[in-house]
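Chain letters run A, B, ... following the sequence lines, proteins first and then strands; every chain starts at 1. All values below come from the heavy atoms of this structure, side chains included, with hydrogens, waters and symmetry mates left out. Quantities reported herein were computed from a predicted structural model and do not represent experimental measurements.
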Amino acid sequence: MNMHRRQFVKLSALAAASAVAGIRAGASTPAHSAAVPGADGVKWDKAPCRFCGTGCHVRVGVKDGRVVGIQGDQLAEVNKGLLCVKGYHVGLALYGKDRLTKPLLRRNGKLEPISWEEALDVFARRVMADPDRFAFYGSGQWTIPEGYAAQKLMKGGLSNNHIEPNARLCMASAVTGYISTYGVDEPAGCYDDLDKCDVLILWGNNMAEMHPVLFSRVIDRRTKGQQVTIIDIGTRRTRSTEHCQHFLEFRPHSDLAIANGIAHLLLKNNTYDARFVERFCNFRKNTATPTLNGEPMTFDDYKKELELYTPEHVEKISGVPAEKIRLLGELFGRRDLRITSVWCMGFNQHSRGTDINRLVHGVHLLSGHWGRPGDAPTSLTGQPSACGTAREVGTMCHFLPGGRMVANPEHRAESEAIWNLPAGRINPKPGHHTVKLWEKFCTPTDQGGDITTVFVQVTNPGQTLPNLHKLFKAKRGLADKFLIVSDVYPTATTELADLVLPAAMWVEKNGMFGNSERRTQQWFKMVNPPGDARDDCWMTIALARRLFDLGHPGMKDKHGKFLFTIKNNAGQEVPVWDWSHYYDVNVDEALFEEYRKFSTYKHKNLAPYTEYVKARGLRWPVVEQPDGTWRETKFRFSEFDDPFVKKGSEIQFYHSVTKDDKALIWFAPYVKAAEEPDMEFPFWLCTGRVLEHWHSGTMTMRIPQLNGAMPHAYVEMHPEDAAAAGFANGETIVVRTRRGELALPVWVNGRSRPPRGSLFIPFFDQRLLVNDITLGDPDPISFEPDYKKCAATVGKLGVAKTLGKS
Amino acid sequence: MGLRQTSAQVRATQPISLVAPYAHGEQTAEAQEVRTAGRYSEQRRSKDGPNAGWENHVRNLAKPAMNYGSLTNVTEAERTAALAERAARRAYDGAPPVVPHPISQASAAACLACHGEGVVVKDKVASKISHPPYSNCTQCHVPASGTGIPTIESPLLRPVAGNEFVGLDAPLKGSRAWPQAPPTIPHSTQMRSDCLSCHGPQGLFGLRTPHPERQACVQCHAPGAELDQRQFFPAFTAFGSSPSELSIARQ
């Protein structure tokens with residue numbers, strides 16, 4: 001090739017690239033078009049996706065300090081190179097035009113830019129003035145080190161247990177379900193079950209939209225010639241239903257009766273696994289006032305309780321034909337099949353969330369569909385580190401790290417020992433759970449509102465709490481309440497914030513997440529955050545240092561050293577609270593290595609940080625082998641895979657509630673929902689997510705491809721209901737509940753098909769806040785609110801009279 | 001579902017039965033409400049809905065026979081134009097393209113009716129799926145312009161904010177060992193198994209192969225190990241640098 005030709009090719013490449021970039025979908029202005037001259041020089045690095053709990057790994061392409069492309073990571077076992085539309089566009093989440101780049105303080109009602117110095121000063125003085133009335137509210141999007149730092153600051157430093165993650169709104173009932181069944185949290189199975197199961201049951205779970213990569217993992221088996229039966233047990237037809245052989249459409253809340261119906265048939269037909277039950281299970285039921293551990297019951301009592309739940313009785317409650325209940329009973333009664341159940345918010349955001357979680361674990365235990373690859377009851381999570389941070393680090397008001405409890409003196413002592421704190425530093429009284437925390441924050445201080453300052457990181461409670469008028473918007477006008485929000489974009493929460501802190505996100509910082517299948521993942525910072533945006537973990541440490549400087553005694557360990565003393569490889573202390581030194585050392589690694597000490601108590605053993613650097617995540621328990629390598633565990637409690645199971649025991653529930661290595665099969669009766677449709681409010685109202693948007697849409701609404709596909713929220717209803725009310729498709733209507741009303745377009749024969757008498761509204765749209773009108777009746781054990789059920793009515797816009805079905 | 005109905009149209013329309021939409025017959029046919037079809041004579045003038053702009057005059061639909069002999073190497077300009085057209089539907093090179101037409105929101109089954117084998121009708125091309133093992137189309141491909149909800153709420157259609165992301169561009173060409181050598185594949189072939197989806201006779205003109213009769217593409221055109229993720233940066237493999245080097249924080 002001669003030089004002329006080479007030059008020509010290069011020049012045309014440049015010209016073409018500029019031309020291409022100029023009209024690229026989503027490129028805002030031609031001014032940026034020349035920023036990326038070609039494919040060469042792009043550096044690719046691994047990271048877990050920023051969005052859901054599936055935990056796909058992506059490869060992030062970086063050029064000239066900016067993310068320019070995303071690929072599915074073929075080395076990742078979770079997604080094997082595939083992503084969903086959100087994952088493919090995750091890199092765009094960094095580049096919304098209205099990124100927050102400066103700290104903002106509200107003065108005379110207006111948010112005005114201030115320096116970080118001022119911001120930290122305002123913040124620290126506010127906390128110092130009343131440390132007991134300070135609360136820290138984060139999420140399952142906290143990285144593991146971020147959540148750990150927050151946890152240590154609050155419980156170890158301030159002796160204050162008012163720390164909660166939004167995960168309380170998301171998977172708290174899954175946690176109580178696991179703990180009350182197995183004595184320890186988190187799924188025993190993993191995604192490998194999806195490759196092995198003969199039957200997959202979606203319990204109120206629209207997996208095709210919410211966990212599309214996992215759903216494809218199952219349905220793509222069919223293209224490879226494998227047989228898999230998928231059963232959708234749901235309250236409306238969704239995209240998932242299209243791929244299912246069976247659809248059981250049930251009346252909201254009656255899933256309790258369906259699960260009992262299966263257990264009834266297993267017992268009646270004598271197809272339950274007597275050997276499994278005898279060896280590995282005990283029975284439990286709720287006490288009069290429901291508690292986590294309930295009270296024992298005998299197998300005979302259990303049988304007696306279930307006698308009522310004949311297929312015909314279940315049909316009467318649920319609307320599911322008796323023969324479909326029999327179908328489920330027969331499937332679970334077969335030993336030759338492998339059955340995996342998955343669920344997500346349909347179970348967890350349920351005012352009997354703990355019970356329905358328990359019942360489905362119970363059906364699997366009773367039928368012996370447990371512990372073999374493909375036989376598993378598995379909850380899926382919606383946030384990237386709901387498991388890794390909220391559940392494992394335990395950033396909840398009653399947890400200490402590693403599955404320990406605030407109320408347990410031994411657990412407090414162990415935590416104090418690891419943190420090198422004086423005995424008695426940790427407050428023995430659990431803090432306020434999420435709903436109570438916000439209720440207290442929105443109540444005037446002199447009327448018992450004992451939370452006056454809240455620091456919000458990585459979440460958007462102004463959109464995602466239920467019944468927002470009561471739990472969030474009531475803050476407006478309460479002069480002594482102070483809301484501090486760290487975020488990357490303006491949100492419904494920053495609207496009421498008094499101090500806004502600009503945050504770095506995803507690959508703008510180091511991080512670690514833990515996904516739904518116990519997989520801990522790590523990534524490195526790849527690009528700089530914009531403007532003055534900084535890491536959330538740094539904010540926590542910098543706040544702690546300010547409090548240290550102001551003389552708060554809790555910021556010192558028992559030797560007088562600062563709580564977050566971090567040393568470099570040479571053993572020198574690094575002032576990481578000073579932003580200019582924050583990346584002189586890997587703070588994530590330092591915090592993780594400290595946190596790792598907590599992980600062995602519940603056999604959730606974590607490997608050293610460096611192992612995660614090499615891997616696309618490892619599933620705990622990760623145990624060191626004689627040859628010095630680290631081995632992950634796919635199937636917990638099963639002898640063939642879990643190193644902690646005693647040889648010869650086949651299955652050992654070694655954290656058993658009953659201390660006899662047995663799991664608990666629970667009975668819980670069907671009860672009615674807190675608010676059901678009536679003459680005045682004749683519709684069920686359900687809320688949820690859509691494929692294109694992730695939770696409150698803060699990131700995805702700013703991604704043109706996702707926003708273009710799903711530009712706004714809507715209310716889905718049955719065409720006959722729409723016709724009866726005189727609504728045209730797309731017409732703006734009013735949806736009203738006892739808590740308020742919301743005007744939004746109606747979508748008939750749209751993406752999903754609710755049955756008659758049922759409405760669905762997604763919650764991603766900040767402009768159409770469905771949580772203004774949701775009820776949020778909490779589960780009595782997990783305190784997780786129910787977002788899926790309340791009574792509503794619909795009406796024409798501007799017409800005062802409500803239009804019921806009567 | 002892409003039907004831009006007005007209130008008047010809906011009121012004038014009785015629910016009618018089509019084919020039962022689900023094979024196992026769970027849902028009553030009444031649930032499917034559709035517009036009454038207009039008269040054929042009106043169709044050419046009716047320019048609404050997803051078929052606006054659709055050319056349906058039979059005389060114009062005749063497809064010219066593929067003349068393999070006439071295909072030659074495309075010019076730089078033609079290639080550039082093709083890449084630009086391609087890029088307009090992608091956030092970056094390698095991103096799943098958005099769908100330039102309304103879709104059935106409820107099911108991906110309809111996608112393969114056209115995209116299964118690919119369809120060319122006049123200048124409209126429904127390209128053949130390049131990755132047939134993956135069947136959940138809407139997981140990655142979403143419509144570019146909305147849900148098809150016929151809403152007139154214009155403020156809701158306004159994007160929340162702009163985005164300043166600038167995506168990676170498509171590489172122009174593979175490398176050739178000498179001027180007449182077969183070029184290497186300059187892009188990732190990850191998960192894609194059908195080259196002719198883009199490079200076949202239905203592909204964009206500037207990307208078409210001059211020899212579609214030869215089917216074994218990788219016999220001559222070598223894929224790139226790095227592009228296809230078969231080669232990794234040492235630091236991120238199990239055989240990488242020492243742990244102490246790895247744990248150094250990077251700015």
Return the [atom1] to [atom2] distance between [X] and [Y], rounded to the nearest 0.5 Å.
X	Y	atom1	atom2	value
A:R99	B:N163	CZ	CG	11.0 Å
B:L168	A:K63	CG	NZ	8.5 Å
B:S107	A:R751	OG	CZ	12.0 Å
A:E716	B:Q105	CD	CD	9.5 Å
A:R59	B:S188	CZ	OG	8.5 Å
A:H211	B:Q139	NE2	CD	12.0 Å

Residue among A:V213, A:L94, A:D98 with most heavy-atom pairs under 4.5 Å to chain B:
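Max contact count across the listed options: A:V213.
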Pick one of side chain, backbone, both or neither for [X], based on which atoms fall under 4.5 Å of a heavy atom in chain B.
X	answer
A:L691	side chain
A:R239	both
A:F215	side chain
A:V527	neither

Criterion side-chain contact (heavy atoms from CB on, under 4.5 Å) on A:R66 and B:E164, from CA distance to verdict:
CA-CA 11 Å; A:R66 286 173 68 94; B:E164 297 176 325; 4.3 Å; yes
Pair B:L157, A:H712 - check side-chain contact (heavy atoms from CB on, under 4.5 Å), show working.
CA-CA 7 Å; B:L157 295 171; A:H712 58 81; 3.7 Å; yes
In the structure I gave you, are the side-chain heavy atoms of B:L156 and A:L768 within less than 4.5 Å of one another anywhere?
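The answer is yes; the side chains approach within 4.5 Å.
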Side chain, backbone, both or neither: which part of B:P132 has an atom under 4.5 Å from a heavy atom of chain A?
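Backbone only.
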Mind listing the closest non-hydrogen atom pair of B:A106 and A:R753 along with its distance?
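Shortest heavy-atom separation between B:A106 and A:R753 comes out as CB-NH2, 3.3 Å.
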Applying ring pair (Phe, Tyr, Trp, His ring centres under 6.0 Å), name anything that partners A:Y88, two or more places apart in sequence or on another chain.
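With sequence neighbours excluded, A:Y88 shows a ring pair (Phe, Tyr, Trp, His ring centres under 6.0 Å) to no residue whatsoever.
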Quick one, A:L82 with B:M191, criterion side-chain contact (heavy atoms from CB on, under 4.5 Å). Give me CA distance, side-chain angles, the key distance, then yes/no.
CA-CA 8 Å; A:L82 185 65; B:M191 298 193 298; 4.0 Å; yes
Select, from B:P96, B:A161, B:S135, the one with the greatest count of heavy-atom pairs under 4.5 Å involving chain A.
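Highest number of pairs under 4.5 Å: B:P96.
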Aromatic ring pairing A:H89/B:Y92, orientation class (parallel under 30°, perpendicular over 60°, tilted between):
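Correct class here is perpendicular.
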Which residues pass the side-chain contact (heavy atoms from CB on, under 4.5 Å) test with B:L204, sequence neighbours left out?
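Partners of B:L204 by the side-chain contact (heavy atoms from CB on, under 4.5 Å) criterion, ordered by chain and then number, come out as B:A82, B:E85, B:R86, B:L207.
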